[in-house]
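Quick note on labels: first sequence line is chain A, next is B, and so on, each numbered from 1.
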Protein chains: 4
Amino acid sequence: MFIELDLQSETPIYAQLVNQIVEGIASGALQPGDPLPSVRRLAEDLGINLHTVNKSYNLLKQEGFLQVHRKKGVIVQPDGMPGVTEAFEEKLRQQLRSLAAAAAVRGMSEEAFAQESRSVYRDTITNRGGEQR
Amino acid sequence: MFIELDLQSETPIYAQLVNQIVEGIASGALQPGDPLPSVRRLAEDLGINLHTVNKSYNLLKQEGFLQVHRKKGVIVQPDGMPGVTEAFEEKLRQQLRSLAAAAAVRGMSEEAFAQESRSVYRDTITNRGGEQR
Amino acid sequence: MFIELDLQSETPIYAQLVNQIVEGIASGALQPGDPLPSVRRLAEDLGINLHTVNKSYNLLKQEGFLQVHRKKGVIVQPDGMPGVTEAFEEKLRQQLRSLAAAAAVRGMSEEAFAQESRSVYRDTITNRGGEQR
Amino acid sequence: MFIELDLQSETPIYAQLVNQIVEGIASGALQPGDPLPSVRRLAEDLGINLHTVNKSYNLLKQEGFLQVHRKKGVIVQPDGMPGVTEAFEEKLRQQLRSLAAAAAVRGMSEEAFAQESRSVYRDTITNRGGEQR
DNA sequence: GTGGTCTAGACCACA
DNA sequence: GTGGTCTAGACCACA
């Protein structure tokens, strides 16, 4: 799995990193229990600051997607990912609402919007269950 | 149509305002040609800074959702909304990707995700063509 | 309410700060809705770095004790504090266990330990409901 | 008596080890004069680093809970445990203060907090004087 | 070596 | 002015 950052993007670097790691887990490129690079290592590889990586890791730890293991370092949550909580549902719906409204105003049909969602989801989980590293 | 701001939200006020106006247009609560409150008026009604409203209006004007008329003041774009541009498609897909990944990791199925998108879209356009606020 | 830090303590500065703010809320010195100093201001007052204060505020925000309000700045949670969750109970019990064991080994009786807890609790909430600022 | 470590915990392994040995003494599972496994042995059993066990043993020796014998190896203090010193009282109170404040803020009553303390104490010394692990 | 903590300093988005 | 983000650099606790 590789990570690509857009330093010009409006999306903060730490958020891009969070997104891409989550996408990595969704796609199966990162499996439960898999180790992640150390903050220092990843920071160097990406050419960004250690603290930025740290912030991303911490957010993912808080959400329950990563664990900090005293021997293995940072690993992908091995004990089951967090489920679809109320809070997540709410946040998801709120964000979809803005996207759907913008799409609708521009003339994208319900069908097209749902189809787009479905196809993006499918792309996301592509390799699921695939390569076992 | 009324606007509700959450001052505790992480989403900047100007962005909340943008979203809600777009949602108003999508739902039909705001029809093409409809006047919007003046910057000053809306700022006062919402108890927020004048510059904040200005920023939102400007963004919406740039995207082609609003027009600023010498005489009529700010109105909803009467000459046809912008369509589904390449840039919009790209941005939409990118944001859906993050949402889809988070949903997938938490165990939400493709079907559930697509259904959620569809249902949110439907809610969004509810009043379309219907009553004039 | 004032804050006193021990820079030589083993307890990290950010944690001392967190504890003292929580104690301030418990004692009533800080009331729901009360504003806290800005990170910069508090950092300067305490002679510590801005980021250290920021870390404390963020932790307290995550726990639901503080809110970041876009107009009022950082304020004490006005919408009801988080309650006694499972997670809190568990953490509390775990920490009490270590303290109780050390006390017991040193010959402190159950009565004395419980009494100590009670008296510390009482001290903590001293001014509750007292000064309304 | 057995020891269970949580490698994901924020509490350092050496501290967990210290706590559990103290709890073992408090419960009576470890009696004065009882031998403890050698550093090497315990490290191997627990699958942790030799230095970590060493650090724990040293701390416990300094506090007066363990003795290191030329011939008998490491044993539980046979000549009377240290009592409730000023320093201990102070540290205990300080830690209880943070716990009490957090409990109070979350709405736990004085009675509940004292009761929790009492019940945890009781659990801790359960097997006192009873069976020999 | 690795994560955690802290400082110093800077720029930007937001209101 | 205020919080958010990012960088650079340093020291320490831990294993």
Rounded to whole Å, please give me the gap between [atom1] in [X] and [atom2] in [N].
X: A:E10; N: F:dG4; atom1: CD; atom2: C1'; answer: 15 Å
X: C:E44; N: F:dT2; atom1: CD; atom2: P; answer: 11 Å
X: A:L36; N: E:dG3; atom1: CG; atom2: P; answer: 10 Å
X: B:Q8; N: F:dG4; atom1: CD; atom2: P; answer: 13 Å
X: A:L60; N: E:dG3; atom1: CG; atom2: C1'; answer: 16 Å
X: A:L66; N: E:dG4; atom1: CG; atom2: P; answer: 12 Å
X: B:L7; N: F:dG3; atom1: CG; atom2: P; answer: 15 Å
X: A:L42; N: F:dC6; atom1: CG; atom2: P; answer: 14 Å

As an exercise, state the distance from [atom1] of [X] to [atom2] of [Y], rounded to the nearest 0.5 Å.
X: D:K55; Y: D:I13; atom1: NZ; atom2: CD1; answer: 11.5 Å
X: C:Q16; Y: C:L46; atom1: CD; atom2: CG; answer: 10.5 Å
X: A:Q94; Y: B:N19; atom1: CD; atom2: CG; answer: 8.0 Å

Item to check | Secondary-structure stems for DNA chain F, with pairs counted as Watson-Crick or G-U when both distances are under 3.5 Å and runs at least 3 long | outcome: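 Correct response: E:1-14 with F:1-14.
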N/O donor to acceptor pairs below 3.5 angstrom from side-chain atoms of residues 68-81 of chain C, sequence neighbours left out:
residue, atom, partner, partner atom, Å
C:H69, ND1, B:Q8, NE2, 2.6
C:R70, NE, B:S9, O, 3.3
C:R70, NE, B:T11, O, 3.4
C:R70, NH2, B:E10, O, 2.6
C:K71, NZ, B:G47, O, 2.5
C:D79, OD2, C:Q67, NE2, 3.3

Checklist entry - Are B:L96 and A:L96 close enough, and set up right, to give a side-chain contact (heavy atoms from CB on, under 4.5 Å), and what steps lead you there? => result CA-CA 8 Å; B:L96 282 178; A:L96 282 177; 3.8 Å; yes
Item to check | Sugar-phosphate only, base, or nothing, as touched by A:K61 at under 4.0 Å among non-hydrogen atoms | outcome: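 A:K61: backbone/sugar contact only, no base atoms under 4.0 Å.
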Checklist entry - Checking all strands, does A:I48 fall into the base, sugar-phosphate, or nothing category for heavy-atom contacts under 4.0 angstrom? => result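 A:I48: backbone/sugar contact only, no base atoms under 4.0 Å.
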Next on the checklist: Test side-chain contact (heavy atoms from CB on, under 4.5 Å) on A:Y57 and A:L42; report intermediate values, then the result.
Outcome noted: CA-CA 11 Å; A:Y57 277 10; A:L42 186 53; 3.4 Å; yes
Item to check | Worked verdict on A:I21 versus A:F65 for side-chain contact (heavy atoms from CB on, under 4.5 Å) | outcome: CA-CA 9 Å; A:I21 291 174; A:F65 294 154; over 6 Å; no
Checklist entry - Nucleotide by nucleotide, 5' to 3', does protein get under 4.0 Å of the base (B), only the sugar-phosphate (S), or neither (-) in nucleotides 10-15 of chain E, counting heavy atoms? => result -B--SS
Checklist entry - In this structure, which one of C:L60, C:V53, C:L66 forms a side-chain contact (heavy atoms from CB on, under 4.5 Å) with C:L36? => result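 So, applying the side-chain contact (heavy atoms from CB on, under 4.5 Å) to C:L36 and each of C:L60, C:V53, C:L66, only C:L66 qualifies.
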Next on the checklist: Working note: D:E89 + D:R93, criterion salt bridge (charged side-chain N to carboxylate O under 4.0 Å, His left out); need CA distance, chi angles, decisive distance, verdict.
Outcome noted: CA-CA 6 Å; D:E89 271 271 23; D:R93 220 175 270 129; 3.2 Å; yes
Checklist entry - Does OP1 or OP2 of F:dG4 have a side-chain N or O of C:N54 closer than 4.0 Å? => result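 Answer is yes, contact under 4.0 Å.
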